[in-house]
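Worth saying up front: this structure is predicted, and the values here are computed from it rather than measured. Whatever order the structure lists ligands and atoms in, that order sets their numbers, starting from 1.
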Amino acid sequence: MLRHSLLWLSSNPQVRGFAVHSSVGRQMARRFVAGECLADAVAVVRELNVHGLSASLDHLGENVSSADQARQATQDYIDILHRIKQEGLNANISVKLTQLGLGLDGDGVQDNLLRILAEADALGDTVTVDMEGSAYTERTVRLVLAARRQHANVGVAIQSYLYRSQADLDELVRAKVCGIRLCKGAYDEPPTIAFPHKQDVDQNYRQLTRFLLGSGCHPALATHDVRLIEFALQNVQDLGLGPGDFEFQMLYGIRRDLQERLVSGGWALRVYVPYGSEWYPYLMRRLAERPANLLFFARSLASEIVPNHRGA
Ligand SMILES: Cc1cc2nc3c(=O)[nH]c(=O)nc-3n(C[C@H](O)[C@H](O)[C@H](O)COP(=O)(O)OP(=O)(O)OC[C@H]3O[C@@H](n4cnc5c(N)ncnc54)[C@H](O)[C@@H]3O)c2cc1C
């Protein structure tokens with residue numbers, strides 16, 4: 001219930017306006033977001049690289065409302081790719097197709113994605129397409145499959161909460177899409193298309209992990225769930241795979257202890273590093289994942305509204 005409400009609030013403009021202007025909102029965002037500008041994100045990635053972790057940079061933004069905004073977001077990503085190269089960072093990028101114009105009329109989104117992929121190809125880098133809400137799943141999969149015909153450096157996120165995900169993976173693996181990122185899924189989806197119970201989402205995650213590890217397509221297992229990580233490592237051992245055959249991925253600001261443990265165990269780990277001023281929907285999805293985050297947020301907010309409020 002709380003999760004549904006938070007995800008609903010993630011698209012509410014009034015609450016968004018309040019949160020982005022509140023110092024508590026911005027403080028809370030800092031836990032999950034590297035900063036507001038590229039220099040902040042570059043500093044975070046450099047530090048991660050020093051400790052043996054790679055990164056994926058996300059310039060926050062989604063659901064743009066004009067073709068100009070989509071073109072600007074595309075250019076921003078191209079600039080990020082050049083900055084990664086100039087700075088010699090071990091990083092790639094993650095893009096949301098609604099930031100590149102999915103949801104607007106016309107073929108702009110496809111052109112924008114292909115421009116980014118061509119630039120990344122020329123610079124020897126890779127691009128992962130984030131998976132958004134189910135209104136976009138089918139078109140995202142189609143656009144990635146079409147892009148794969150021209151560029152081998154495109155990957156995509158697949159969500160284990162969707163019933164359709166095994167069929168999508170079959171098609172993506174057949175088309176030799178590499179770097180598929182398996183996550184549980186962060187949006188509010190109805191039980192007609194998504195498992196409503198966590199244990200079924202986790203069970204599907206296990207099944208899809210086994211499938212991806214056996215596919216030879218260098219998958220990314222994106223989770224902070226220790227039981228699922230242990231399951232993956234058991235499968236890695238059973239299949240005789242090594243650290244070069246797949247990677248773990250986690251979000252900036254979450255389970256740093258686990259990130260360090262995996263890296264010191266010799267496993268490849270990439271941290272998803274979001275930055276930018278459009279952090280509100282991203283923050284709401286992180287709050288929805290863990291009610292304890294919300295409690296902390298609510299207490300801080302109460303003390304901002306009523307300065308000597310001590311929380312309950
Ligand atoms: C690299 C990466 C990329 C992602 N890309 C996408 C995408 O493209 N599309 C999409 O829909 N989703 C994406 N997600 C989000 C994902 O779908 C889940 O919502 C999120 O990872 C939480 O699920 P979990 O696997 O960590 O398991 P959970 O069972 O939710 O959590 C396991 C444990 O992780 C910790 N944890 C998890 N979330 C939080 C949090 N917000 N705050 C603090 N601790 C937390 C807690 O200790 C928790 O007990 C991505 C996740 C990662 C790691």
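For Y205 and D225, the side-chain atoms include no donor-acceptor pair closer than 3.5 Å. There is a side-chain donor-acceptor pair under 3.5 Å between Q203 and R206. No donor-acceptor contact under 3.5 angstrom links the side chains of D58 and Y252, judged on distance only.
With respect to E289 and R285, no salt bridge is recorded, no charged nitrogen being found less than 4.0 Å from a carboxylate O. A salt bridge is absent between R256 and E47; no separation between the charged side-chain nitrogens and carboxylate oxygens falls under 4.0 Å. Of the charged side-chain nitrogens involved, none lies within less than 4.0 Å of a carboxylate oxygen, so that E230 and R227 do not count as a salt-bridged pair. A salt bridge is absent between E247 and R181; no separation between the charged side-chain nitrogens and carboxylate oxygens falls under 4.0 Å.
Remark: the backbone N or O of A29 is not paired with any side-chain donor or acceptor of Y282 at under 3.5 angstrom. The closest donor-acceptor contact from the side chain of E132 to the backbone of T98 lies under 3.5 Å. Judged purely by atom type and a 3.5 angstrom limit, Y161 uses its side chain to pair as donor or acceptor with the backbone of Y187. In this structure, N90 contributes its side chain and S54 its backbone to no donor-acceptor pair below 3.5 Å.
The residue among H224, K96, K198 with a heavy atom at the shortest distance from atom 26 (O) of ligand 1 is H224. Among L251, L283, D202, D58, the residue whose heavy atom lies nearest to atom 51 (C) of ligand 1 is L251.
Residue-to-ligand polar distances keep Y272 apart from ligand 1: every N/O pair is separated by 3.5 Å or more. Between A157 and ligand 1, a contact under 3.5 Å exists for no N or O pair. Polar contact with ligand 1: present for K184 (N/O pair, distance under 3.5 Å). Of the polar atoms of Q249, none of the N or O atoms is found under 3.5 Å from an N or O of ligand 1, judged by distance alone. Considering backbone and side-chain atoms alike, G185 places an N or O below 3.5 Å from some N or O of ligand 1. Between M131 and ligand 1, at least one pair of N/O atoms sits closer than 3.5 Å.
Not close to ligand 1: R227, with no non-hydrogen atom less than 4.0 angstrom away.
Within the listing of ligand 1, atoms 8 (O) sit less than 4.0 angstrom from a heavy atom of D130. The atoms of ligand 1 that sit less than 4.0 Å from any heavy atom of Y187 are 11 (O). Proximity to R286 (heavy-atom distance under 4.0 Å) selects the following atoms of ligand 1: 15 (C), 40 (C), 41 (N). Atoms of ligand 1 lying under 4.0 Å from any heavy atom of Q159, numbered from 1 in the order shown and given with element: 9 (N), 10 (C), 11 (O).
Residue D257 places its CG atom among more than 12 non-hydrogen atoms of other residues, nucleotides or ligands, all under 6.0 Å distant.
At the top of the distance list for atom 43 (C) of ligand 1, counting protein heavy atoms only, stands R290 CD, 3.4 Å. Given atom 42 (N) of ligand 1, the protein heavy atom at minimum distance is N293 ND2, 2.8 Å. Scanning all protein heavy atoms for the shortest distance to atom 47 (O) of ligand 1 gives R255 CD, 3.8 Å. If you check which protein heavy atom lies closest to atom 18 (C) of ligand 1, you get E289 OE2, 3.5 Å. The shortest contact between atom 25 (O) of ligand 1 and any protein heavy atom is with T223 OG1, 2.6 Å. Atom 13 (C) of ligand 1 has its closest protein heavy atom at C183 SG, 3.5 Å. Protein heavy atom nearest atom 39 (C) of ligand 1, with residue, atom name and distance: I254 CD1, 3.7 Å.
Only side-chain heavy atoms of R31 come within less than 4.0 Å of ligand 1; its backbone N, CA, C and O stay farther off. Counting heavy atoms under 4.0 Å from ligand 1, residue R181 touches it through the side chain alone.
Under the 4.0 angstrom criterion, atom 11 (O) of ligand 1 counts as having a protein heavy-atom contact. Protein non-hydrogen atoms do not reach within 4.0 Å of atom 49 (O) of ligand 1.
Side-chain contact between T137 and R164 is present, with at least one heavy-atom pair separated by less than 4.5 Å.
Aromatic ring pairs are classed by plane angle as parallel below 30°, tilted from 30° to 60° and perpendicular above 60°; the pair Y275 and H59 is parallel.
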